[in-house]
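Accompanying notes for the structure given below.
In the text below, chain A, chain B and the rest are named by the order of the sequence lines, each starting its count at 1.
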Amino acid sequence: MIIEVNEFKRTYTTYKGWVSRKKETVTAVNGISFAVEKGTIFGLLGQNGAGKTTTIKTLITLLAPTSGTCKVLGYDTFRQAKQIRPRINFIFGGELGVYRRLSARDNLAYFSNLYHVPPSVAKARIEDALDLVGLTDKADILCETFSKGMLQRLQIARGLVNDPEILFCDEPTVGLDPLGARMLRDVLKVLRGRGKTIMLTTHYMPEADELCDTIALIDGGVIVAMDTPSMLKNDGESLDDAYVRLVGKKEG
Amino acid sequence: MLRRFSHQAWLNFKGANAAFSFEEFTLLRLLYPLVTLTFYVLLAAYSFNAENLTHWVVGNSFLLCVNVSLFTLGQGFDSERIDGRLRSIIVAPENKLVAVLQKAAFPMLVSVITVFAGFIVSSLIFSVPFYEINLWLFMVVVIVSMFAASGLGLLLAALSLMTDSMHLILNTMNYVLMIFCGANFPIAQMPAWAGVLSQALPLTRGIEAANMLFTQNNPAAFAGLIFGEFVIGAIFFLLAFLAIKYAERTAIRRASLELF
Ligand SMILES: Nc1ncnc2c1ncn2[C@@H]1O[C@H](COP(=O)(O)OP(=O)(O)OP(=O)(O)O)[C@@H](O)[C@H]1O
Ligand SMILES: [Mg+2]
(Lines give C-alpha, C1' and ligand atoms only; values in the text may rest on other atoms or scores of the structure.)
(Ligands and ions follow the chains in the order given, each with its own letter.)
Protein backbone atom coordinates (compact mmCIF):
# COMPACT_ATOMS: atom_id res chain seq x y z
CA MET A 1 0.00 0.00 0.00
CA ILE A 2 1.47 3.31 -1.09
CA ILE A 3 -0.40 5.36 1.54
CA GLU A 4 -1.17 3.93 4.98
CA VAL A 5 -3.07 5.90 7.60
CA ASN A 6 -3.55 4.37 11.00
CA GLU A 7 -5.70 5.83 13.81
CA PHE A 8 -4.75 9.29 12.60
CA LYS A 9 -5.90 12.12 14.82
CA ARG A 10 -5.24 15.85 14.55
CA THR A 11 -6.28 18.65 16.88
CA TYR A 12 -5.72 22.38 16.49
CA THR A 13 -5.06 24.57 19.47
CA THR A 14 -5.94 28.23 19.22
CA TYR A 15 -5.66 31.03 21.75
CA LYS A 16 -8.30 33.66 22.25
CA GLY A 17 -8.08 37.07 23.88
CA TRP A 18 -4.89 38.71 25.07
CA VAL A 19 -5.58 39.72 28.63
CA SER A 20 -6.54 36.28 29.80
CA ARG A 21 -5.51 33.82 27.14
CA LYS A 22 -8.10 31.11 26.67
CA LYS A 23 -6.98 27.88 25.12
CA GLU A 24 -9.33 26.22 22.71
CA THR A 25 -8.84 22.84 21.11
CA VAL A 26 -10.63 21.71 17.96
CA THR A 27 -10.48 18.11 16.86
CA ALA A 28 -10.30 18.17 13.07
CA VAL A 29 -9.64 14.48 12.48
CA ASN A 30 -10.60 11.98 15.11
CA GLY A 31 -8.84 8.66 14.50
CA ILE A 32 -9.17 7.57 10.89
CA SER A 33 -7.55 4.58 9.19
CA PHE A 34 -7.35 3.77 5.50
CA ALA A 35 -4.92 2.57 2.86
CA VAL A 36 -4.47 3.51 -0.77
CA GLU A 37 -3.25 1.11 -3.42
CA LYS A 38 -0.64 2.22 -5.94
CA GLY A 39 -2.04 3.24 -9.32
CA THR A 40 -5.53 4.10 -8.06
CA ILE A 41 -7.56 7.23 -7.44
CA PHE A 42 -8.75 7.55 -3.85
CA GLY A 43 -11.53 10.03 -3.10
CA LEU A 44 -12.03 11.76 0.23
CA LEU A 45 -15.53 13.24 0.43
CA GLY A 46 -17.35 15.01 3.21
CA GLN A 47 -18.99 18.16 4.54
CA ASN A 48 -17.19 21.48 5.00
CA GLY A 49 -14.95 21.20 8.03
CA ALA A 50 -15.02 17.39 7.98
CA GLY A 51 -11.23 17.14 8.06
CA LYS A 52 -10.32 16.50 4.41
CA THR A 53 -7.80 19.28 3.98
CA THR A 54 -6.28 18.45 7.35
CA THR A 55 -5.74 14.87 6.20
CA ILE A 56 -4.20 15.94 2.90
CA LYS A 57 -1.93 18.50 4.55
CA THR A 58 -0.68 15.82 6.90
CA LEU A 59 0.04 13.42 4.05
CA ILE A 60 2.01 16.04 2.11
CA THR A 61 4.23 16.60 5.22
CA LEU A 62 2.85 20.05 6.01
CA LEU A 63 1.25 19.05 9.29
CA ALA A 64 2.16 16.53 11.98
CA PRO A 65 -0.38 14.03 13.30
CA THR A 66 -1.38 14.64 16.91
CA SER A 67 -1.50 10.86 17.32
CA GLY A 68 -1.56 7.81 15.09
CA THR A 69 0.66 7.29 12.06
CA CYS A 70 0.61 8.38 8.44
CA LYS A 71 2.88 6.64 5.97
CA VAL A 72 3.48 7.65 2.39
CA LEU A 73 5.69 5.48 0.15
CA GLY A 74 6.53 3.54 3.29
CA TYR A 75 7.92 6.58 5.14
CA ASP A 76 6.53 8.39 8.15
CA THR A 77 5.18 11.77 7.01
CA PHE A 78 6.62 13.65 9.98
CA ARG A 79 9.86 11.88 10.83
CA GLN A 80 10.88 10.92 7.30
CA ALA A 81 9.46 13.84 5.32
CA LYS A 82 12.75 14.25 3.48
CA GLN A 83 12.37 10.90 1.72
CA ILE A 84 8.78 11.65 0.69
CA ARG A 85 8.96 15.25 -0.52
CA PRO A 86 10.77 14.85 -3.86
CA ARG A 87 8.39 12.08 -4.94
CA ILE A 88 5.00 13.69 -4.34
CA ASN A 89 3.21 16.91 -5.23
CA PHE A 90 -0.13 18.59 -4.67
CA ILE A 91 -2.78 20.68 -6.39
CA PHE A 92 -4.90 22.86 -4.12
CA GLY A 93 -7.89 24.86 -5.26
CA GLY A 94 -7.76 28.62 -4.92
CA GLU A 95 -5.97 31.62 -6.31
CA LEU A 96 -3.09 31.79 -3.85
CA GLY A 97 0.17 30.02 -4.29
CA VAL A 98 1.75 31.39 -7.45
CA TYR A 99 3.94 34.43 -8.07
CA ARG A 100 1.49 36.92 -9.49
CA ARG A 101 4.24 39.13 -10.85
CA LEU A 102 5.87 36.34 -12.82
CA SER A 103 4.67 34.74 -16.02
CA ALA A 104 3.23 31.23 -16.01
CA ARG A 105 6.42 29.88 -17.57
CA ASP A 106 8.63 31.62 -14.99
CA ASN A 107 6.42 30.32 -12.20
CA LEU A 108 6.86 26.77 -13.40
CA ALA A 109 10.61 27.28 -13.77
CA TYR A 110 10.71 28.53 -10.20
CA PHE A 111 8.85 25.53 -8.81
CA SER A 112 10.93 23.11 -10.93
CA ASN A 113 14.03 24.56 -9.32
CA LEU A 114 12.52 24.06 -5.86
CA TYR A 115 12.29 20.37 -6.79
CA HIS A 116 15.83 20.31 -8.20
CA VAL A 117 14.60 19.18 -11.61
CA PRO A 118 17.57 19.33 -14.04
CA PRO A 119 17.12 22.32 -16.43
CA SER A 120 17.01 20.21 -19.59
CA VAL A 121 14.28 17.96 -18.17
CA ALA A 122 12.41 20.89 -16.69
CA LYS A 123 12.28 22.77 -19.97
CA ALA A 124 10.51 20.02 -21.88
CA ARG A 125 8.28 19.16 -18.93
CA ILE A 126 7.16 22.77 -18.50
CA GLU A 127 6.20 23.04 -22.17
CA ASP A 128 4.25 19.77 -21.89
CA ALA A 129 2.47 20.93 -18.74
CA LEU A 130 1.58 24.32 -20.25
CA ASP A 131 0.22 22.55 -23.30
CA LEU A 132 -1.71 20.07 -21.16
CA VAL A 133 -3.50 22.79 -19.18
CA GLY A 134 -4.02 24.98 -22.23
CA LEU A 135 -1.88 27.93 -21.17
CA THR A 136 0.75 27.84 -23.92
CA ASP A 137 -0.62 31.00 -25.54
CA LYS A 138 -0.56 32.90 -22.25
CA ALA A 139 2.67 31.45 -20.92
CA ASP A 140 4.61 34.72 -20.99
CA ILE A 141 1.99 37.03 -19.53
CA LEU A 142 2.18 38.09 -15.87
CA CYS A 143 -0.12 35.92 -13.76
CA GLU A 144 -1.71 38.93 -12.07
CA THR A 145 -3.78 39.34 -15.22
CA PHE A 146 -5.01 35.73 -15.13
CA SER A 147 -8.61 34.82 -14.46
CA LYS A 148 -9.47 32.49 -11.57
CA GLY A 149 -9.68 29.46 -13.82
CA MET A 150 -6.41 30.31 -15.56
CA LEU A 151 -4.70 30.49 -12.17
CA GLN A 152 -6.19 27.12 -11.28
CA ARG A 153 -4.85 25.68 -14.52
CA LEU A 154 -1.44 26.99 -13.56
CA GLN A 155 -1.76 25.31 -10.16
CA ILE A 156 -2.39 22.03 -11.94
CA ALA A 157 0.71 22.49 -14.09
CA ARG A 158 2.66 23.36 -10.92
CA GLY A 159 1.66 20.03 -9.41
CA LEU A 160 3.27 18.18 -12.28
CA VAL A 161 6.73 19.82 -12.38
CA ASN A 162 8.48 16.99 -10.54
CA ASP A 163 6.56 14.15 -12.24
CA PRO A 164 5.26 12.98 -8.85
CA GLU A 165 4.49 9.37 -8.00
CA ILE A 166 1.57 10.51 -5.87
CA LEU A 167 -0.51 13.60 -6.54
CA PHE A 168 -2.67 15.04 -3.76
CA CYS A 169 -5.56 17.13 -5.07
CA ASP A 170 -7.68 19.25 -2.73
CA GLU A 171 -10.68 20.60 -4.63
CA PRO A 172 -8.63 20.95 -7.80
CA THR A 173 -11.55 21.88 -10.06
CA VAL A 174 -12.59 24.97 -8.08
CA GLY A 175 -13.14 27.83 -10.52
CA LEU A 176 -12.58 25.77 -13.66
CA ASP A 177 -14.95 26.03 -16.61
CA PRO A 178 -16.53 22.76 -17.84
CA LEU A 179 -13.78 22.19 -20.36
CA GLY A 180 -11.13 22.91 -17.73
CA ALA A 181 -12.75 20.46 -15.31
CA ARG A 182 -12.86 17.79 -17.99
CA MET A 183 -9.21 18.52 -18.83
CA LEU A 184 -8.31 17.90 -15.19
CA ARG A 185 -10.28 14.67 -15.08
CA ASP A 186 -8.51 13.51 -18.24
CA VAL A 187 -5.13 14.45 -16.77
CA LEU A 188 -5.86 12.45 -13.64
CA LYS A 189 -6.94 9.43 -15.67
CA VAL A 190 -3.83 9.60 -17.82
CA LEU A 191 -1.66 9.79 -14.71
CA ARG A 192 -3.42 6.76 -13.23
CA GLY A 193 -2.82 4.94 -16.52
CA ARG A 194 0.88 5.62 -16.05
CA GLY A 195 0.80 3.99 -12.61
CA LYS A 196 0.60 7.17 -10.56
CA THR A 197 -1.50 7.32 -7.43
CA ILE A 198 -3.97 10.13 -6.80
CA MET A 199 -5.78 11.29 -3.71
CA LEU A 200 -8.67 13.63 -4.40
CA THR A 201 -11.17 15.71 -2.49
CA THR A 202 -14.10 17.32 -4.23
CA HIS A 203 -17.62 18.50 -3.49
CA TYR A 204 -18.75 17.53 -6.97
CA MET A 205 -20.21 14.02 -6.76
CA PRO A 206 -20.33 13.11 -10.47
CA GLU A 207 -16.64 13.89 -10.64
CA ALA A 208 -15.87 11.58 -7.72
CA ASP A 209 -18.10 8.90 -9.21
CA GLU A 210 -16.36 9.09 -12.58
CA LEU A 211 -12.79 9.13 -11.25
CA CYS A 212 -12.46 7.32 -7.96
CA ASP A 213 -11.60 3.66 -7.51
CA THR A 214 -12.29 3.97 -3.79
CA ILE A 215 -14.16 6.62 -1.83
CA ALA A 216 -14.00 7.38 1.88
CA LEU A 217 -16.84 9.45 3.30
CA ILE A 218 -15.62 11.47 6.23
CA ASP A 219 -17.83 13.33 8.65
CA GLY A 220 -16.89 15.13 11.85
CA GLY A 221 -13.36 13.74 11.62
CA VAL A 222 -14.33 10.07 11.33
CA ILE A 223 -14.86 7.80 8.32
CA VAL A 224 -18.54 6.90 8.02
CA ALA A 225 -18.26 4.75 4.89
CA MET A 226 -15.53 3.49 2.59
CA ASP A 227 -15.95 1.48 -0.59
CA THR A 228 -15.96 1.59 -4.38
CA PRO A 229 -18.46 4.08 -5.81
CA SER A 230 -20.69 1.29 -7.12
CA MET A 231 -20.77 -0.43 -3.73
CA LEU A 232 -21.62 2.82 -1.94
CA LYS A 233 -24.65 3.31 -4.17
CA ASN A 234 -27.85 1.34 -3.66
CA ASP A 235 -29.81 0.24 -6.72
CA GLY A 236 -30.64 3.16 -8.96
CA GLU A 237 -29.03 5.69 -6.64
CA SER A 238 -26.63 8.38 -7.81
CA LEU A 239 -23.53 9.03 -5.70
CA ASP A 240 -25.24 12.23 -4.65
CA ASP A 241 -28.15 10.22 -3.21
CA ALA A 242 -25.77 7.85 -1.48
CA TYR A 243 -23.88 10.79 0.03
CA VAL A 244 -27.07 12.33 1.38
CA ARG A 245 -28.14 8.97 2.81
CA LEU A 246 -24.78 8.26 4.47
CA VAL A 247 -23.72 11.72 5.63
CA GLY A 248 -27.04 13.54 5.74
CA LYS A 249 -28.78 11.27 8.22
CA LYS A 250 -27.04 12.93 11.17
CA GLU A 251 -27.58 16.49 10.02
CA GLY A 252 -31.11 15.68 8.88
CA MET B 1 23.83 24.19 -8.36
CA LEU B 2 25.16 27.72 -8.67
CA ARG B 3 23.22 28.05 -11.88
CA ARG B 4 20.03 27.01 -10.14
CA PHE B 5 20.72 29.41 -7.29
CA SER B 6 21.20 32.40 -9.58
CA HIS B 7 18.21 31.44 -11.71
CA GLN B 8 16.01 31.29 -8.59
CA ALA B 9 17.49 34.54 -7.29
CA TRP B 10 16.71 36.23 -10.58
CA LEU B 11 13.13 34.91 -10.69
CA ASN B 12 12.57 36.12 -7.14
CA PHE B 13 13.92 39.53 -7.96
CA LYS B 14 11.87 39.77 -11.11
CA GLY B 15 8.74 38.76 -9.24
CA ALA B 16 9.37 41.34 -6.54
CA ASN B 17 10.13 44.27 -8.83
CA ALA B 18 8.13 43.75 -11.98
CA ALA B 19 5.60 46.27 -10.70
CA PHE B 20 8.13 49.11 -10.61
CA SER B 21 9.36 51.11 -13.54
CA PHE B 22 13.08 51.74 -13.78
CA GLU B 23 12.65 55.29 -12.46
CA GLU B 24 10.63 54.13 -9.49
CA PHE B 25 13.12 51.42 -8.72
CA THR B 26 16.03 53.87 -8.79
CA LEU B 27 14.20 56.38 -6.62
CA LEU B 28 13.26 53.74 -4.09
CA ARG B 29 16.63 52.04 -3.93
CA LEU B 30 18.92 55.06 -4.27
CA LEU B 31 17.25 58.29 -3.34
CA TYR B 32 15.37 57.05 -0.30
CA PRO B 33 18.44 55.45 1.33
CA LEU B 34 20.41 58.59 0.58
CA VAL B 35 17.90 60.82 2.33
CA THR B 36 17.85 58.48 5.33
CA LEU B 37 21.61 58.57 5.49
CA THR B 38 21.69 62.36 5.32
CA PHE B 39 19.15 62.57 8.12
CA TYR B 40 21.20 60.47 10.53
CA VAL B 41 24.46 62.20 9.71
CA LEU B 42 22.89 65.63 10.23
CA LEU B 43 21.39 64.44 13.49
CA ALA B 44 24.81 63.33 14.66
CA ALA B 45 26.44 66.54 13.44
CA TYR B 46 24.13 68.70 15.55
CA SER B 47 23.80 66.53 18.63
CA PHE B 48 27.50 65.78 19.01
CA ASN B 49 28.66 69.11 17.62
CA ALA B 50 31.11 67.18 15.53
CA GLU B 51 33.53 68.82 13.14
CA ASN B 52 34.58 65.69 11.36
CA LEU B 53 31.63 63.63 10.18
CA THR B 54 33.59 60.70 8.72
CA HIS B 55 32.60 58.37 11.51
CA TRP B 56 28.87 58.93 11.02
CA VAL B 57 28.95 58.80 7.26
CA VAL B 58 30.76 55.47 7.39
CA GLY B 59 28.60 53.96 10.11
CA ASN B 60 25.30 54.99 8.61
CA SER B 61 26.10 53.97 5.08
CA PHE B 62 26.87 50.56 6.58
CA LEU B 63 23.59 50.45 8.41
CA LEU B 64 21.77 51.10 5.17
CA CYS B 65 22.92 48.05 3.32
CA VAL B 66 22.69 45.94 6.40
CA ASN B 67 19.05 46.92 6.75
CA VAL B 68 18.42 45.34 3.39
CA SER B 69 20.00 42.03 4.43
CA LEU B 70 18.14 42.07 7.70
CA PHE B 71 14.72 42.92 6.30
CA THR B 72 14.68 40.93 3.07
CA LEU B 73 16.01 37.84 4.81
CA GLY B 74 13.95 38.28 7.96
CA GLN B 75 10.74 38.67 5.96
CA GLY B 76 11.68 35.84 3.61
CA PHE B 77 9.16 33.31 4.88
CA ASP B 78 6.62 35.88 6.00
CA SER B 79 5.91 37.26 2.55
CA GLU B 80 5.59 33.73 1.19
CA ARG B 81 3.11 32.89 3.89
CA ILE B 82 0.94 35.90 3.08
CA ASP B 83 0.85 34.95 -0.60
CA GLY B 84 0.07 31.32 0.20
CA ARG B 85 3.26 29.95 -1.29
CA LEU B 86 4.90 28.91 1.93
CA ARG B 87 3.42 25.43 1.72
CA SER B 88 4.97 24.88 -1.72
CA ILE B 89 8.35 25.89 -0.37
CA ILE B 90 8.12 23.83 2.81
CA VAL B 91 6.92 20.73 1.01
CA ALA B 92 9.58 20.98 -1.73
CA PRO B 93 12.94 19.27 -1.25
CA GLU B 94 14.88 22.56 -1.48
CA ASN B 95 16.74 23.54 1.69
CA LYS B 96 14.72 26.30 3.34
CA LEU B 97 17.76 28.40 4.27
CA VAL B 98 18.86 28.33 0.64
CA ALA B 99 15.35 29.31 -0.48
CA VAL B 100 15.44 32.44 1.70
CA LEU B 101 18.96 33.32 0.57
CA GLN B 102 17.81 33.08 -3.03
CA LYS B 103 15.14 35.62 -2.30
CA ALA B 104 17.61 38.05 -0.78
CA ALA B 105 20.55 37.63 -3.15
CA PHE B 106 19.67 40.38 -5.62
CA PRO B 107 18.39 42.89 -3.09
CA MET B 108 21.70 42.49 -1.27
CA LEU B 109 23.67 43.01 -4.45
CA VAL B 110 21.68 46.15 -5.16
CA SER B 111 22.28 47.38 -1.64
CA VAL B 112 26.06 47.06 -2.02
CA ILE B 113 25.75 49.39 -4.98
CA THR B 114 23.47 51.65 -2.95
CA VAL B 115 25.85 51.85 -0.06
CA PHE B 116 28.68 52.75 -2.36
CA ALA B 117 26.71 55.44 -4.08
CA GLY B 118 25.41 56.66 -0.73
CA PHE B 119 28.85 56.68 0.76
CA ILE B 120 30.39 58.66 -2.08
CA VAL B 121 27.56 61.17 -2.42
CA SER B 122 27.36 61.83 1.30
CA SER B 123 31.14 62.01 1.48
CA LEU B 124 30.96 64.82 -1.05
CA ILE B 125 28.21 66.58 0.88
CA PHE B 126 29.90 66.27 4.28
CA SER B 127 33.45 66.50 2.95
CA VAL B 128 34.71 63.10 3.98
CA PRO B 129 38.07 62.34 2.36
CA PHE B 130 36.98 59.07 0.73
CA TYR B 131 39.54 59.51 -2.08
CA GLU B 132 42.33 59.03 0.45
CA ILE B 133 41.39 55.48 1.35
CA ASN B 134 41.61 52.16 -0.42
CA LEU B 135 38.09 51.69 -1.78
CA TRP B 136 38.74 48.01 -2.44
CA LEU B 137 39.39 47.42 1.22
CA PHE B 138 36.27 49.40 2.02
CA MET B 139 34.37 47.07 -0.33
CA VAL B 140 35.76 44.03 1.49
CA VAL B 141 34.56 45.45 4.80
CA VAL B 142 31.09 46.05 3.36
CA ILE B 143 30.81 42.53 1.97
CA VAL B 144 32.03 40.80 5.12
CA SER B 145 29.69 42.91 7.25
CA MET B 146 26.76 42.08 5.01
CA PHE B 147 27.61 38.41 5.32
CA ALA B 148 27.50 38.74 9.10
CA ALA B 149 24.22 40.68 9.02
CA SER B 150 22.74 38.04 6.71
CA GLY B 151 23.39 35.43 9.35
CA LEU B 152 21.36 37.48 11.80
CA GLY B 153 18.64 38.03 9.19
CA LEU B 154 18.38 34.29 8.57
CA LEU B 155 18.16 33.59 12.27
CA LEU B 156 15.22 35.98 12.44
CA ALA B 157 13.66 34.32 9.39
CA ALA B 158 13.45 31.13 11.44
CA LEU B 159 11.25 32.99 13.92
CA SER B 160 8.86 33.99 11.16
CA LEU B 161 7.88 30.35 10.74
CA MET B 162 6.45 30.40 14.23
CA THR B 163 5.11 33.93 14.74
CA ASP B 164 3.29 36.51 12.69
CA SER B 165 4.79 39.54 14.48
CA MET B 166 7.79 39.86 12.20
CA HIS B 167 7.40 43.62 11.67
CA LEU B 168 7.79 44.21 15.38
CA ILE B 169 10.77 41.88 15.68
CA LEU B 170 12.59 43.26 12.65
CA ASN B 171 12.08 46.88 13.59
CA THR B 172 13.24 46.23 17.14
CA MET B 173 16.32 44.45 15.83
CA ASN B 174 16.97 47.32 13.48
CA TYR B 175 17.05 49.77 16.38
CA VAL B 176 19.15 47.43 18.47
CA LEU B 177 21.72 47.42 15.70
CA MET B 178 21.46 51.16 15.23
CA ILE B 179 22.07 51.82 18.91
CA PHE B 180 24.62 49.17 19.76
CA CYS B 181 26.82 48.64 16.72
CA GLY B 182 28.70 51.89 17.11
CA ALA B 183 27.38 53.66 14.02
CA ASN B 184 25.78 56.54 15.88
CA PHE B 185 26.77 56.27 19.53
CA PRO B 186 30.30 55.61 20.73
CA ILE B 187 30.50 52.14 22.29
CA ALA B 188 33.13 53.37 24.75
CA GLN B 189 30.50 55.53 26.47
CA MET B 190 28.02 52.71 26.98
CA PRO B 191 27.54 50.61 30.13
CA ALA B 192 29.48 47.37 30.34
CA TRP B 193 26.61 45.06 29.41
CA ALA B 194 25.98 47.06 26.26
CA GLY B 195 29.62 46.68 25.35
CA VAL B 196 29.31 42.92 25.59
CA LEU B 197 26.12 42.99 23.50
CA SER B 198 27.72 45.13 20.85
CA GLN B 199 30.62 42.69 20.55
CA ALA B 200 28.18 39.84 19.90
CA LEU B 201 26.35 41.74 17.16
CA PRO B 202 27.31 41.72 13.52
CA LEU B 203 28.50 45.05 12.13
CA THR B 204 30.27 46.40 15.24
CA ARG B 205 33.66 45.16 14.06
CA GLY B 206 32.90 46.01 10.45
CA ILE B 207 32.19 49.62 11.30
CA GLU B 208 35.27 49.83 13.45
CA ALA B 209 37.36 48.41 10.62
CA ALA B 210 35.91 50.85 8.11
CA ASN B 211 36.67 53.76 10.40
CA MET B 212 40.19 52.48 10.80
CA LEU B 213 40.73 53.01 7.10
CA PHE B 214 40.42 56.74 7.74
CA THR B 215 42.09 57.11 11.09
CA GLN B 216 45.10 54.83 11.31
CA ASN B 217 47.23 52.42 9.40
CA ASN B 218 47.23 49.18 11.36
CA PRO B 219 46.93 46.17 9.01
CA ALA B 220 47.07 43.58 11.79
CA ALA B 221 44.24 45.13 13.82
CA PHE B 222 42.25 45.69 10.63
CA ALA B 223 42.61 42.05 9.57
CA GLY B 224 41.67 40.95 13.08
CA LEU B 225 38.46 42.94 12.97
CA ILE B 226 37.53 41.61 9.54
CA PHE B 227 38.22 38.07 10.67
CA GLY B 228 36.16 38.62 13.83
CA GLU B 229 33.25 39.93 11.79
CA PHE B 230 33.49 36.90 9.54
CA VAL B 231 33.47 34.51 12.51
CA ILE B 232 30.41 36.28 13.98
CA GLY B 233 28.71 35.82 10.62
CA ALA B 234 29.63 32.14 10.45
CA ILE B 235 28.26 31.56 13.95
CA PHE B 236 24.98 33.26 13.06
CA PHE B 237 24.71 31.21 9.86
CA LEU B 238 25.18 28.00 11.79
CA LEU B 239 22.60 29.07 14.40
CA ALA B 240 20.21 30.06 11.61
CA PHE B 241 20.62 26.70 9.91
CA LEU B 242 19.73 24.87 13.12
CA ALA B 243 16.95 27.30 14.04
CA ILE B 244 15.24 27.00 10.66
CA LYS B 245 15.27 23.20 10.91
CA TYR B 246 13.81 23.41 14.40
CA ALA B 247 11.26 26.08 13.47
CA GLU B 248 10.02 24.07 10.49
CA ARG B 249 9.35 21.05 12.66
CA THR B 250 7.68 23.13 15.35
CA ALA B 251 5.49 24.88 12.79
CA ILE B 252 4.44 21.54 11.33
CA ARG B 253 3.46 20.39 14.80
CA ARG B 254 1.63 23.56 15.77
CA ALA B 255 0.05 24.23 12.37
CA SER B 256 1.44 27.77 12.31
CA LEU B 257 2.60 27.60 8.70
CA GLU B 258 -0.53 28.96 7.16
CA LEU B 259 -3.00 31.68 7.94
CA PHE B 260 -5.99 29.74 6.81
N1 LIG C 1 -5.15 26.15 11.19
C2 LIG C 1 -6.28 25.84 11.86
N3 LIG C 1 -6.49 26.28 13.12
C4 LIG C 1 -7.60 25.95 13.81
N5 LIG C 1 -8.57 25.17 13.33
C6 LIG C 1 -8.45 24.68 12.08
C7 LIG C 1 -7.29 24.99 11.28
N8 LIG C 1 -7.44 24.36 10.09
C9 LIG C 1 -8.61 23.70 10.15
N10 LIG C 1 -9.23 23.88 11.34
C11 LIG C 1 -10.52 23.28 11.76
O12 LIG C 1 -10.44 21.88 11.55
C13 LIG C 1 -11.65 21.37 11.04
C14 LIG C 1 -11.41 20.61 9.75
O15 LIG C 1 -10.95 21.50 8.75
P16 LIG C 1 -10.53 21.04 7.29
O17 LIG C 1 -9.95 22.21 6.60
O18 LIG C 1 -9.71 19.83 7.37
O19 LIG C 1 -11.96 20.67 6.64
P20 LIG C 1 -12.32 20.24 5.15
O21 LIG C 1 -12.92 18.90 5.23
O22 LIG C 1 -11.18 20.42 4.24
O23 LIG C 1 -13.49 21.28 4.79
P24 LIG C 1 -13.85 22.03 3.40
O25 LIG C 1 -14.74 21.10 2.65
O26 LIG C 1 -14.61 23.22 3.84
O27 LIG C 1 -12.59 22.34 2.71
C28 LIG C 1 -12.57 22.56 10.89
O29 LIG C 1 -13.43 22.57 12.01
C30 LIG C 1 -11.68 23.76 10.93
O31 LIG C 1 -12.31 24.84 11.52
MG1 LIG D 1 -10.81 21.68 2.60
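- A cation-pi contact links B:Arg85 to A:Tyr99, judged by a cut-off of 6.0 Å to the six-membered ring centre and 45° from its axis.
- The shortest heavy-atom contact between B:Gly15 and A:Arg101 is O-CB, 3.1 Å.
- Going from atom CG of B:Leu11 over to atom CG of A:Leu108 covers 11.0 Å, rounded to the nearest 0.5 Å.
- Side chain of B:Arg254 to backbone of A:Thr13: no donor-acceptor contact under 3.5 angstrom is found.
- The number of heavy atoms from other shown groups lying within 6.0 Å of OH (A:Tyr12) is above 12.
- Of all the listed residues (A:Leu63, A:Thr53, A:Asn162, A:Asn107), the one sharing the greatest number of non-hydrogen pairs under 4.5 Å with chain B is A:Leu63.
- Annotation for B:Ile89 and A:Leu114: closest pair CG1-CD1, 3.9 Å, computed over non-hydrogen atoms.
- Interface remark: of the candidates B:Ser88, B:Ala16, B:Ala99, B:Ser88 forms the most heavy-atom pairs closer than 4.5 Å to chain A.
- In this structure, B:Arg249 forms a cation-pi arrangement with A:Phe78, its terminal cationic atom sitting closer than 6.0 Å to the ring centre and no more than 45° off the ring axis.
- Residues B:Gln8 and A:Ala109 approach most closely at OE1-O, 4.1 Å, considering heavy atoms.
- In this structure, A:Lys196 places its NZ atom where more than 12 heavy-atom neighbours from other residues, nucleotides or ligands lie under 6.0 Å away.
- Between A:Lys82 and B:Glu248 there is no salt bridge, since no side-chain nitrogen of the basic residue lies less than 4.0 Å from a carboxylate oxygen of the acidic one.
- Residue with the most contacts toward chain B among A:Leu102, A:Ile88, A:Leu62: A:Leu62 (heavy-atom pairs, distance under 4.5 Å).
- Taking a 6.0 Å sphere around NE2 of A:His116, one finds it holds more than 12 heavy atoms contributed by other residues, nucleotides or ligands.
- Environment of CZ in B:Phe5: crowded, with over 12 heavy atoms of neighbouring residues, nucleotides or ligands closer than 6.0 Å.
- Residue A:Pro65: no heavy atom, backbone or side chain, is found under 4.5 Å from chain B.
- Of all non-hydrogen atoms in B:Glu94 and A:Asn113, the two that sit nearest each other are OE2-O, 4.3 Å.
- Contact between A:Arg85 and B:Ala92 at its shortest, heavy atoms only, is CD-O, 4.1 Å.
- Crowding of B:Phe13 atom CZ: a count of heavy atoms from other residues, nucleotides or ligands under 6.0 Å exceeding 12.
- Within a 6.0 Å radius of CZ in B:Phe241, no more than 12 heavy atoms belonging to other residues, nucleotides or ligands are found.
- One finds the NZ atom of B:Lys14 at 6.0 Å from the OG atom of A:Ser103 (value rounded to the nearest 0.5 Å).
- Using modelled atom types, no side-chain atom of B:Arg253 and backbone atom of A:Ala64 make a donor-acceptor pair closer than 3.5 Å.
- For the 3.5 Å distance criterion, the side chains of B:Gln102 and A:Tyr110 fail to qualify, holding no donor opposite an acceptor.
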